[in-house]
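Take a look at the structure set out below.
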Protein chains: 2
Amino acid sequence: MDVRQKLKDCGIGITKPRVAILEYLMKQCTHPTVDDIYQALVSEVPTLSRTTVYNVVKLFAEHGLVNTLGIDDRNVCVDGDTTPHGHFFCKECGRIIDVPLTELSAGGFDCDGNMVTEVHLYYKGVCSECMSKRETDESRSPR
Amino acid sequence: MDVRQKLKDCGIGITKPRVAILEYLMKQCTHPTVDDIYQALVSEVPTLSRTTVYNVVKLFAEHGLVNTLGIDDRNVCVDGDTTPHGHFFCKECGRIIDVPLTELSAGGFDCDGNMVTEVHLYYKGVCSECMSKRETDESRSPR
DNA sequence: GAGAAAATTTGTAATAATTACAATTTTTCA
DNA sequence: TGAAAAATTGTAATTATTACAAATTTTCTC
């Protein structure tokens with residue numbers, strides 16, 4: 001679906017930064033930070049400011065167009081894919097990998113009287129690439 | 001089990017701040033922030049500094065004595081209960097409530113070749129208390 | 001138990017993500 | 001087209017966390 005239409009459907013006004021940011025987020029699978037988004041788009045939208053990226057991401061999140069992840073201690077990461085899935089965070093390289101999850105609910109249910117609107121499943125550990133690197137390094141300099 | 005013994009078992013030296021912090025965390029069910037811990041213990045350990053709390057919490061987390069939660073955007077919360085369970089975060093009052101979860105793994109498994117060492121399940125929404133407050137407020141000032 | 005060596009803590013200063021805010025610019029709509 | 005409303009921008013403020021060197025505490029040996 002067209003990005004502009006998506007914004008209209010949410011009652012969000014159409015502006016250059018918003019269109020650029022949503023378009024960018026929808027085609028990413030890397031869960032960029034606010035700074036990543038800023039760096040990626042500043043050449044396309046030269047007047048862009050980091051504050052705008054913060055504002056727009058917050059607005060999008062409030063309307064359910066994106067999810068913000070707290071999986072990385074350093075900074076918030078933004079996910080343009082709002083279908084239910086979990087995330088794996090590699091503590092060595094910082095990469096975030098999607099984890100398919102059929103049994104995970106999308107929220108909107110009741111848990112002991114508390115209303116759940118968001119579900120976050122975070123795995124943390126060492127990704128396969130960093131695991132192979134570790135093994136290579138060990139065989140090179142054994143100890 | 002005695003807190004000192006726990007520290008010894010992990011190969012961690014016994015010091016006043018460490019004993020006080022671990023004792024405090026083991027009897028809390030509120031998932032305190034670093035600042036909460038500092039505020040709670042500074043009268044008991046007058047020389048305590050926030051930096052020490054950061055250092056000690058990090059050390060404990062590395063040894064699996066506590067878990068650090070990234071559920072609250074503002075700051076890290078510390079959980080002295082390391083048995084597998086999830087968490088509910090109330091977006092209105094900020095309270096964190098334990099969610100019992102039998103089917104959730106404790107980590108140490110493989111996910112698409114990635115080694116998972118930590119599992120975090122976060123629910124976010126509005127807790128039952130804040131829900132009742134909302135209803136009361138609405139009936140008082142309808143609109 | 002005293003004293004030296006090692007480990008730990010402490011306070012301050014630095015870092016970095018995020019937010020507040022007022023001025024400017026863009027968009028909307030009559 | 002032009003005024004009103006909405007959004008963006010840049011700067012400055014805020015705040016959690018980290019770096020680091022000096023001071024203190026703990027440990028270990030005699």
Side-chain angles (χ1 to χ4, degrees), chain A residues 3-5 7-8 10-24 31-63 65-66 68-78 89 91 94 96, chain B residues 3-5 7-8 10-24 31-63 65-66 68-78 89 91 94 96:
Chain A
V3 159
R4 281 152 204 276
Q5 191 56 50
L7 293 173
K8 271 185 200 160
C10 290
I12 296 177
I14 312 279
T15 68
K16 243 174 277 171
R18 289 177 184 172
V19 170
I21 292 171
L22 189 52
E23 258 173 4
Y24 176 72
H31 315 85
T33 64
V34 164
D35 203 63
D36 291 336
I37 299 170
Y38 172 77
Q39 298 290 350
L41 297 179
V42 70
S43 57
E44 175 186 337
V45 185
T47 65
L48 191 65
S49 85
R50 258 169 265 261
T51 301
T52 299
V53 180
Y54 277 107
N55 291 340
V56 170
V57 164
K58 194 181 171 201
L59 181 74
F60 286 177
E62 282 164 1
H63 284 83
L65 287 174
V66 305
T68 55
L69 309 182
I71 197 172
D72 181 351
D73 291 343
R74 298 176 131 79
N75 30 225
V76 166
C77 301
V78 187
F89 176 78
K91 294 186 196 179
I96 297 173
Chain B
V3 159
R4 281 153 206 277
Q5 192 55 51
L7 292 173
K8 270 184 201 160
C10 291
I12 296 177
I14 310 280
T15 68
K16 244 173 278 171
R18 289 176 182 172
V19 170
I21 292 170
L22 190 52
E23 260 173 1
Y24 176 72
H31 315 85
T33 64
V34 164
D35 203 64
D36 291 337
I37 299 170
Y38 173 77
Q39 298 290 349
L41 296 179
V42 70
S43 56
E44 175 187 337
V45 186
T47 64
L48 190 66
S49 84
R50 257 169 266 260
T51 300
T52 300
V53 181
Y54 277 107
N55 290 340
V56 170
V57 163
K58 193 181 172 201
L59 183 73
F60 286 177
E62 282 164 1
H63 285 83
L65 288 173
V66 305
T68 54
L69 308 182
I71 197 172
D72 181 351
D73 292 342
R74 300 177 129 77
N75 30 227
V76 164
C77 301
V78 188
F89 176 79
K91 294 186 195 178
I96 296 172

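We name chains A, B, ... by the order of the sequence lines, and we start the count at 1 in each one.
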Problem - A/C77 to A/D72 - nearest heavy-atom pair and separation - result: SG-CB, 4.1 Å
Practice task
Assign B/T33 to base, sugar-phosphate, or nothing according to its heavy-atom contacts below 4.0 angstrom with the strands shown.
Solution key: nothing
Problem - Non-hydrogen side-chain atoms of B/V76 and B/V34 separated by less than 4.5 Å - result: no
Problem - Nearest-Å distance for atom pair CG/C1', residues B/L7 and D/dT27 - result: 16 Å
Fill in the blank from the handout: When rounded to whole Å, the CD1 to C1' distance for the pair B/I14 and D/dT25 reads 14 Å
Practice task
Please report the shortest heavy-atom distance between A/F60 and A/I21, naming the atom on each side.
Solution key: CE1-CG2, 4.0 Å
Problem - Closest non-hydrogen atom pair between B/Y24 and B/D36, with its separation - result: OH-O, 4.2 Å
Practice task
Pick base, sugar-phosphate or nothing for B/T52, based on heavy-atom distances below 4.0 Å to the nucleic acid.
Solution key: base
Practice task
Quickly work out the A/R74 CZ to C/dA16 P distance and round it to whole Å.
Solution key: 10 Å
Fill in the blank from the handout: Atom CG of B/D72 and atom P of D/dT17 are separated, to the nearest Å, by 10 Å
Exercise for the section: Would you indicate what A/D73 reaches in the nucleic acid, counting non-hydrogen atoms under 4.0 angstrom: base, sugar-phosphate, or nothing? Expected result: nothing
Practice task
Give the rounded distance in Å between these two atoms: CD1 of A/I12 and P of C/dT27.
Solution key: 16 Å
Fill in the blank from the handout: Rounded to whole Å, OH of A/Y54 lies from P of D/dA7 at a distance of 21 Å
Practice task
Classify the nucleic acid contact of B/T51 as base, sugar-phosphate or nothing, counting any heavy atom under 4.0 Å across all strands shown.
Solution key: base
Completion exercise
Nearest-nucleotide check on DNA chain C, A/K16 vs B/R50; residue mapping nearer the 5' end is B/R50
Practice task
Check the distance between C/dA17's P and B/N75's CG and give it to me in whole angstrom.
Solution key: 17 Å
Exercise for the section: Look at the side-chain N and O atoms of A/S49 and state whether any lies under 4.0 Å from the OP1 or OP2 oxygen of D/dT8. Expected result: no
Exercise for the section: Using a 4.0 Å heavy-atom cut-off across all strands, classify A/D35 as base, sugar-phosphate, or nothing. Expected result: nothing
Completion exercise
note: A/L41, atom CG; D/dT8, atom P; distance rounded to Å ~ 13 Å
Problem - Under 3.5 Å: donor-acceptor pair, side chain of B/R18, backbone of B/G13 - result: yes
